[in-house]
Amino acid sequence: MINGNKVLFSGMQATGSLTIGNYLGAMKNWVALADEFECFYCVVDMHSITIRQDPAELRRRARKLLQIYIAAGLDPEKSCLYYQSHVSGHAELAWILNCFTYMGELNRMTQFKDKSAKHADNINAGLFDYPVLMAADILLFQADVVPVGVDQKQHLELTRTIAERFNNLYGDVFTVPEPYIGKVGAKIMSLQDPARKMSKSDENPNGSIYLLDDPDTVARKCRRAVTDSEGMIRYCAEQPGVSNLLDIYSACTGKTPQEAEKEFDGQGYGVLKDAVAESLNAILQPLQKRVAELEADKAYVDRIIRDNAEKAQYYSTKTLRKVQKKVGFPERPRIK
Ligand code: ATP
Ligand code: LTN
């Protein structure tokens, strides 16, 4: 609890360009929940270097991501929007939690298996340890709730296991967090291959719609989306491409997929695709305008970054000191 409120923590990697999957699956829920909780939204740049990055590009993307958090509707004066690398407690707690996590548990993580297959030339220890750093992110702030897309559920379960294991040994140190996975938009699929999740690191740019795509590109990508030869608009497992478009439309408009299915009953795929593009552009256009404004207001963004790093540092230190004491580290002398 912070100021009598429950705590929410979530984060995104500053790798690649954000897609509508990231927005509809996670960020949209962040905005919806922001008033109910004391919130921490992190740009997890330390997670990003588990895959090789160009340093200047990583710095640029990380700042852009923070601007997108604000542009998506998060109030940086209320919610704490900050860079993971600015708060030393993430790494310090991750080390301690490493000693309470088993190799076998990390070996089972599907994201590790996927990413190590994709980056076979760089299967580093950080990639293997990724979920422990993520657990540290969450537990450092004693988060009650963690809104993520469905692909992160396994990491959240491991976080709960680590927290419970630590609590069983040392008493009630950590809040055991609950995942929050939205009903619509929790898994947006690639427009080119509806069997695969839309991902910002996909090599085929036509499979993903990026948050910063212009309206014509959005329309073109929607029109090219893979459907089927059924010729009917139904929300069902046999029509994954069409169902994905209905999911996107529902997540953008607030309708249920069943309502959307009814709305397009008897229409052709072209009508559905144009409506999806329009519903997306209605969200993306104002977001892009706000990002451009923030880009121009360097002093404001710099102040937000400084103030929020301080706030995150303050709350994280509270948990960290408690944990360090529990495991037997000596009290720190005050060092100037
Ligand atoms: P990468 O391709 O680099 O692994 P990603 O696109 O999967 O990245 P992450 O940074 O891993 O994005 O995820 C950020 C958040 O967005 C997470 O909460 C994740 O669950 C959510 N998310 C990512 N892709 C989708 C998707 N296609 N549908 C719904 N949610 C998603
Ligand atoms: N692994 C997450 C990003 C992430 C995260 C977190 C999400 C890192 N730390 C803490 C929620 C809470 C992903 O989305 N790929």
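Heads up: numbering here begins at 1 and tracks the sequence. As the structure lists them, so they are numbered: ligands from 1, and atoms in each ligand from 1.
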S.K.: Using a 4.0 Å heavy-atom threshold (strictly under), name the region of T15 that reaches ligand 1: side chain, backbone, both or neither.
M.R.: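 The answer is the side chain of T15.
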
S.K.: When rounded to the nearest 0.5 angstrom, what distance separates OG in S190 from CG in N206?
M.R.: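 Interatomic distance, S190 OG to N206 CG, rounded to 0.5 Å: 9.0 Å.
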
S.K.: Which residue, L74, N22, V43, V291, forms the side chain to side chain contact (heavy atoms under 4.5 Å, CB included) with I68?
M.R.: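 Exactly one option meets the side chain to side chain contact (heavy atoms under 4.5 Å, CB included) with I68, and it is V291.
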
S.K.: Any idea which part of L133 is under 4.0 Å from ligand 2, heavy-atom wise: side chain, backbone, both or neither?
M.R.: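 It is neither; nothing of L133 touches ligand 2.
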
S.K.: Does S199 approach ligand 1 within less than 4.0 angstrom via side chain, backbone, both or neither, non-hydrogen atoms only?
M.R.: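 Under 4.0 Å from ligand 1, S199 contributes backbone and side-chain atoms.
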
S.K.: Would D151 count as being in polar contact with ligand 1, using the rule that some N or O on each side must be under 3.5 angstrom apart?
M.R.: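 Between D151 and ligand 1 (N or O atoms, distance only) the closest approach is under 3.5 Å.
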
S.K.: How far is atom 10 (C) of ligand 2 from its nearest protein heavy atom, and which residue and atom name does that atom have?
M.R.: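 Ranking protein heavy atoms by distance from atom 10 (C) of ligand 2, first comes F9 CE2, 3.5 Å.
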
S.K.: Within ligand 1, which atoms have a heavy atom of K197 less than 4.0 Å away?
M.R.: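 Numbered from 1, ligand 1 contributes 5 (P), 7 (O), 23 (C), 24 (N), 27 (N).
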
S.K.: Start with the C-alpha gap between F141 and Y315, add the side-chain angles, then the distance that decides, and say whether ring-ring contact (aromatic ring centres under 6.0 Å, His included) holds.
M.R.: CA-CA 7 Å; F141 293 91; Y315 287 108; 7.6 Å; no

S.K.: Looking at ligand 2, does any of its N/O atoms fall within less than 3.5 Å of an N/O of Q152?
M.R.: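 Yes - when backbone and side-chain N and O of Q152 are compared with those of ligand 2, one distance drops under 3.5 Å.
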
S.K.: Heavy-atom contacts with A186 under 4.0 Å: which atoms of ligand 1 show up? List them by number with element.
M.R.: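 Within the 4.0 Å cut-off of A186, ligand 1 contributes 28 (N), 29 (C), 30 (N).
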
S.K.: Just verifying a value: how many Å separate Y102 OH and R165 CZ, rounded to the nearest 0.5 Å?
M.R.: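 Rounded to the nearest 0.5 Å, the OH-CZ separation comes to 5.0 Å.
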
S.K.: Within a radius of less than 6.0 Å around CD of E278, do more than 12 heavy atoms belonging to other residues, nucleotides or ligands occur?
M.R.: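 No, the 6.0 Å shell around CD holds no more than 12 heavy atoms from other groups.
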
S.K.: Consider every N or O of V148 and every N or O of ligand 1, then say whether any pair is closer than 3.5 Å.
M.R.: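 No, V148 has no N/O under 3.5 Å of an N/O on ligand 1.
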
S.K.: Give the single entry among A251, P147, G21 that approaches atom 30 (N) of ligand 1 most closely by any heavy atom.
M.R.: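 Among A251, P147, G21, the closest heavy atom to atom 30 (N) of ligand 1 comes from G21.
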
S.K.: With a cut-off of 4.0 Å, which atoms of ligand 1 are near a heavy atom of Q152?
M.R.: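 With Q152 as reference, the close atoms of ligand 1 come out as 20 (O).
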
S.K.: Per the side-chain hydrogen bond (donor to acceptor under 3.5 Å, both in side chains) rule, which among T227, D228, D274 passes with Y269?
M.R.: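 For Y269, the side-chain hydrogen bond (donor to acceptor under 3.5 Å, both in side chains) check succeeds only for D228.
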
S.K.: Hey, is ligand 1 close enough to N22 that some N/O pair sits below 3.5 Å?
M.R.: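 Between N22 and ligand 1 (N or O atoms, distance only) the closest approach is under 3.5 Å.
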
S.K.: Is there at least one pair of N or O atoms, one from M189 and one from ligand 1, spaced under 3.5 Å apart?
M.R.: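 There is no such contact.
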
S.K.: I need the contact type for V148 against ligand 2. Using non-hydrogen atoms and a strict under-4.0 Å cut-off, is it side chain, backbone, both or neither?
M.R.: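 Just the side chain.
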
S.K.: Show your working on side chain to side chain contact (heavy atoms under 4.5 Å, CB included) between S250 and Q258 and close with a plain yes or no.
M.R.: CA-CA 9 Å; S250 320; Q258 289 70 25; over 6 Å; no

S.K.: Could you tell me, atom by atom, which parts of ligand 1 come under 4.0 Å of a heavy atom of K187?
M.R.: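 In order of number, 28 (N), 29 (C).
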
S.K.: Tell me whether the centres of the aromatic rings in F9 and Y41 are closer together than 6.0 Å.
M.R.: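 Between Y41 and F9, which both carry aromatic rings, the centre distance is not below 6.0 Å.
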
S.K.: Please identify which atoms of ligand 1 are closer than 4.0 Å to at least one heavy atom of G25.
M.R.: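 Here the atoms of ligand 1 in question are 29 (C), 30 (N).
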
S.K.: I'd like to check which ligand 2 atoms, numbered from 1 as shown, lie under 4.0 Å from a non-hydrogen atom of V44.
M.R.: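 So the answer, numbered in order with elements, is 8 (C), 9 (N).
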
S.K.: Looking only at protein heavy atoms, which one is nearest to atom 9 (P) of ligand 1, and how far off is it?
M.R.: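 Of the protein heavy atoms, K200 NZ, 3.7 Å lies nearest.
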
S.K.: Given M27, Q13, K115, Q111, which one has a non-hydrogen atom that is nearest to atom 4 (O) of ligand 1?
M.R.: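 It is K115 whose heavy atom sits nearest to atom 4 (O) of ligand 1.
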
S.K.: Quick one: look up the protein heavy atom nearest atom 28 (N) of ligand 1 and list residue, atom name and how far away it is.
M.R.: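 Here the nearest protein heavy atom works out to I188 N, 2.8 Å.
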
S.K.: For E77, look at atom CD and say whether over 12 heavy atoms of other residues, nucleotides or ligands are found less than 6.0 Å away.
M.R.: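 Yes, because the 6.0 Å sphere around CD of E77 holds more than 12 heavy atoms from other groups.
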
S.K.: Looking only at protein heavy atoms, which one is nearest to atom 9 (N) of ligand 2, and what is the separation?
M.R.: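 Answer for atom 9 (N) of ligand 2: D137 OD2, 2.7 Å.
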
S.K.: Tell me: protein heavy atom nearest atom 18 (O) of ligand 1, and distance?
M.R.: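 Ranking protein heavy atoms by distance from atom 18 (O) of ligand 1, first comes G149 N, 3.1 Å.
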
S.K.: More than 12 foreign heavy atoms under 6.0 Å from CD1 of I49: is that the case here?
M.R.: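 No.
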
S.K.: Kindly compute the distance separating NE2 (H119) from CG (D114), expressed to the nearest 0.5 Å.
M.R.: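 That separation rounds to 10.0 Å.
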
S.K.: Quick check: does M12 get an N/O under 3.5 Å from an N/O on ligand 1?
M.R.: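 N/O-N/O distance under 3.5 Å: no.
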
S.K.: With D202, which of Q192, R196, K197 fulfils side-chain hydrogen bond (donor to acceptor under 3.5 Å, both in side chains)?
M.R.: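 Checked Q192, R196, K197 against D202; only one passes side-chain hydrogen bond (donor to acceptor under 3.5 Å, both in side chains): R196.
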
